Trainee: 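This structure is in structure tokens; I'll ask about it shortly.
All values reported here derive from a predicted model rather than from experimental measurement. All values below were derived from every heavy atom in this structure, side-chain atoms included, with hydrogens, water molecules and symmetry-related copies excluded.
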Amino acid sequence: MELDGKSILDLANLLGSNAQVPASKPNENAPKAAHATTITPASLIPSSNASSESRSSKTDQPTRSKNIWEDDEYEEVDETTFDPREQPEYSLHYRQNISPSEVYMNASRSHSILDADQLVVSIHLPNTQMKDVDLACTPTTIDIRSPHYRLRLPLPETVDDQNGSAKWDKKKSTLIVSLPIVKDF
């Protein structure tokens with residue numbers, strides 16, 4: 001590494017020395033030695049580059065999130081895609097509890113889906129016995145598994161999965177699951 005007069009003067013300024021370094025040829029472009037009072041990390045970087053580097057380092061840093069993986073690092077896979085079992089036939093129905101006063105006294109209650117009290121799911125599982133059926137419910141899904149069938153069904157309404165009931169119709173080989181609908185209002 002070859003040192004010229006400017007480099008030695010810069011080093012002397014950095015160390016706070018007032019000593020003039022003799023040079024063989026005087027350099028008019030070289031700055032005069034001055035006494036440096038404090039040395040900070042910012043003083044080591046030239047001022048014109050420091051502001052642009054600090055701005056670029058702030059924009060280059062990725063935003064931190066609580067996610068372990070970024071969205072583009074994994075592909076969400078539905079586990080039923082790899083399940084060779086057949087999907088059974090099923091139907092969804094809404095059930096509304098009606099009191100005698102609503103029937104005989106003409107009480108005004110809407111008979112729409114919005115006023116439904118229960119969601120009823122009927123799943124036809126031919127050639128299956130009740131002991132072979134595994135049923136799991138969450139507030140948003142029903143998961144039914146048997147040796148021949150597999151059904152993972154997202155529900156159109158949020159349900160109370162702890163207070164539901166299931167009934168097996170042996171003659172029709174049908175599982176009937178009734179789940180109370182959670183009212184948001």
Side-chain angles (χ1 to χ4, degrees), residues 41-42 45 49-185:
I45 299 174
N49 293 340
S51 61
S52 64
E53 285 181 14
S54 65
R55 272 186 264 126
S56 66
S57 65
K58 288 179 184 176
T59 58
D60 292 344
Q61 293 177 353
T63 57
R64 297 198 67 181
S65 67
K66 294 182 180 182
N67 295 338
I68 296 173
W69 294 282
E70 296 298 325
D71 291 338
D72 59 346
E73 291 180 330
Y74 71 95
E75 182 178 327
E76 190 170 327
V77 177
D78 184 14
E79 63 186 49
T80 58
T81 319
F82 302 111
D83 198 334
R85 293 178 283 186
E86 191 178 332
Q87 181 175 338
E89 292 181 22
Y90 65 91
S91 62
L92 288 170
H93 302 281
Y94 289 92
R95 182 182 293 159
Q96 186 175 20
N97 299 332
I98 298 176
S99 68
S101 64
E102 291 174 329
V103 173
Y104 296 111
M105 305 204 50
N106 211 8
S108 62
R109 181 170 153 174
S110 166
H111 299 292
S112 72
I113 292 175
L114 297 175
D115 289 329
D117 297 312
Q118 291 184 344
L119 183 64
V120 181
V121 184
S122 300
I123 304 103
H124 183 62
L125 301 162
N127 303 323
T128 305
Q129 296 179 354
M130 183 180 77
K131 66 178 183 168
D132 296 332
V133 177
D134 184 26
L135 171 65
C137 294
T138 69
T140 57
T141 61
I142 288 182
D143 191 6
I144 298 168
R145 301 175 190 205
S146 74
H148 304 291
Y149 299 100
R150 167 75 194 276
L151 176 64
R152 180 168 162 65
L153 181 65
L155 299 174
E157 305 284 340
T158 303
V159 297
D160 182 2
D161 58 330
Q162 300 299 318
N163 293 318
S165 65
K167 184 172 122 179
W168 179 255
D169 186 346
K170 188 176 181 178
K171 291 180 183 177
K172 296 180 182 178
S173 294
T174 303
L175 179 65
I176 302 167
V177 182
S178 299
L179 297 163
I181 296 173
V182 176
K183 303 285 185 180
D184 292 334
F185 49 92

Trainee: Does the side chain of Glu157 come within less than 4.5 Å of Val182's, by heavy atoms?
Mentor: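 Heavy-atom side-chain distance check fails, nothing below 4.5 Å.
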Trainee: Return the minimal non-hydrogen interatomic distance between Met130 and Trp168, and the atom names on each side.
Mentor: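 Taking Met130 first and Trp168 second, the nearest heavy atoms are SD-CB, 3.6 Å.
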Trainee: Within this structure, what is the OG1-CG distance for the pair Thr138 and Leu155, rounded to the nearest 0.5 Å?
Mentor: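 If I round to the nearest 0.5 Å, the distance is 7.0 Å.
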Trainee: Can Gln118 and Val159 be said to form a side chain to side chain contact (heavy atoms under 4.5 Å, CB included), step by step?
Mentor: CA-CA 8 Å; Gln118 291 184 344; Val159 297; over 6 Å; no
Trainee: According to side-chain hydrogen bond (donor to acceptor under 3.5 Å, both in side chains), who are the partners of Thr158, at least two apart in sequence or on a separate chain?
Mentor: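 Thr158 satisfies side-chain hydrogen bond (donor to acceptor under 3.5 Å, both in side chains) with no residue once adjacent residues are dropped.
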Trainee: Heavy-atom count around Tyr94 OH within 6.0 Å, excluding the residue itself: above 12?
Mentor: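 Atom OH in Tyr94 is packed in, count exceeds 12.
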Trainee: What are the two closest non-hydrogen atoms of Arg152 and Thr141, and how far apart are they?
Mentor: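 Closest heavy-atom pair between Arg152 and Thr141: NH1-OG1, 3.8 Å.
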Trainee: Please test Val133 against Ile144 for side chain to side chain contact (heavy atoms under 4.5 Å, CB included), starting from the C-alpha separation and ending with a verdict.
Mentor: CA-CA 7 Å; Val133 177; Ile144 298 168; 4.0 Å; yes
Trainee: For Thr140, give me all partners under side-chain hydrogen bond (donor to acceptor under 3.5 Å, both in side chains), at least two apart in sequence or on another chain.
Mentor: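 Result, side-chain hydrogen bond (donor to acceptor under 3.5 Å, both in side chains) vs Thr140: none returned.
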Trainee: Who passes side-chain hydrogen bond (donor to acceptor under 3.5 Å, both in side chains) against Asp132, sequence neighbours left out?
Mentor: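 Here no residue qualifies.
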Trainee: Roughly how far apart are Tyr90 OH and Leu153 CG, rounded to 0.5 Å?
Mentor: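 Spacing of OH (Tyr90) from CG (Leu153) equals 5.0 Å.
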Trainee: Looking only at heavy atoms, what is the nearest atom pair of Ala116 and Lys183, with distance?
Mentor: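 Smallest interatomic distance, heavy atoms only, reads O-NZ, 2.5 Å.
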Trainee: Only pairs at least two apart or in different chains count here, so list each salt bridge (charged side-chain N to carboxylate O under 4.0 Å, His left out) that has a residue in residues 84-93.
Mentor: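 Non-adjacent pairs meeting salt bridge (charged side-chain N to carboxylate O under 4.0 Å, His left out): Asp83-Arg85.
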Trainee: Go through Cys137 and Leu135 one step at a time and tell me if the side chain to side chain contact (heavy atoms under 4.5 Å, CB included) criterion holds.
Mentor: CA-CA 7 Å; Cys137 294; Leu135 171 65; 4.0 Å; yes
Trainee: Identify all side-chain donor-acceptor contacts of residues 119-128 below 3.5 Å with residues at least two apart in sequence or on another chain.
Mentor:
unit_1	atom_1	unit_2	atom_2	d
His124	ND1	Lys172	O	3.1
His124	ND1	Thr174	OG1	3.3
Thr128	OG1	Leu125	O	3.4
Thr128	OG1	Pro126	O	3.2

Trainee: Enter the distance from Leu92:CG to Ile142:CD1 here, rounded to the nearest 0.5 Å.
Mentor: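 Answer for the CG-CD1 pair, Leu92 versus Ile142, is 7.5 Å.
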Trainee: Could you tell me the separation between the CG atom of Leu151 and the CZ atom of Arg145, rounded to the nearest 0.5 Å?
Mentor: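 Between Leu151 CG and Arg145 CZ, I get 11.0 Å after rounding to 0.5 Å.
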Trainee: Residues in side-chain hydrogen bond (donor to acceptor under 3.5 Å, both in side chains) with Ser165, at least two apart?
Mentor: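 Applying side-chain hydrogen bond (donor to acceptor under 3.5 Å, both in side chains) to Ser165 gives none.
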Trainee: Do you know the tightest heavy-atom contact between His93 and Ser91?
Mentor: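 For His93 and Ser91, the tightest heavy-atom pair comes out as NE2-OG, 3.1 Å.
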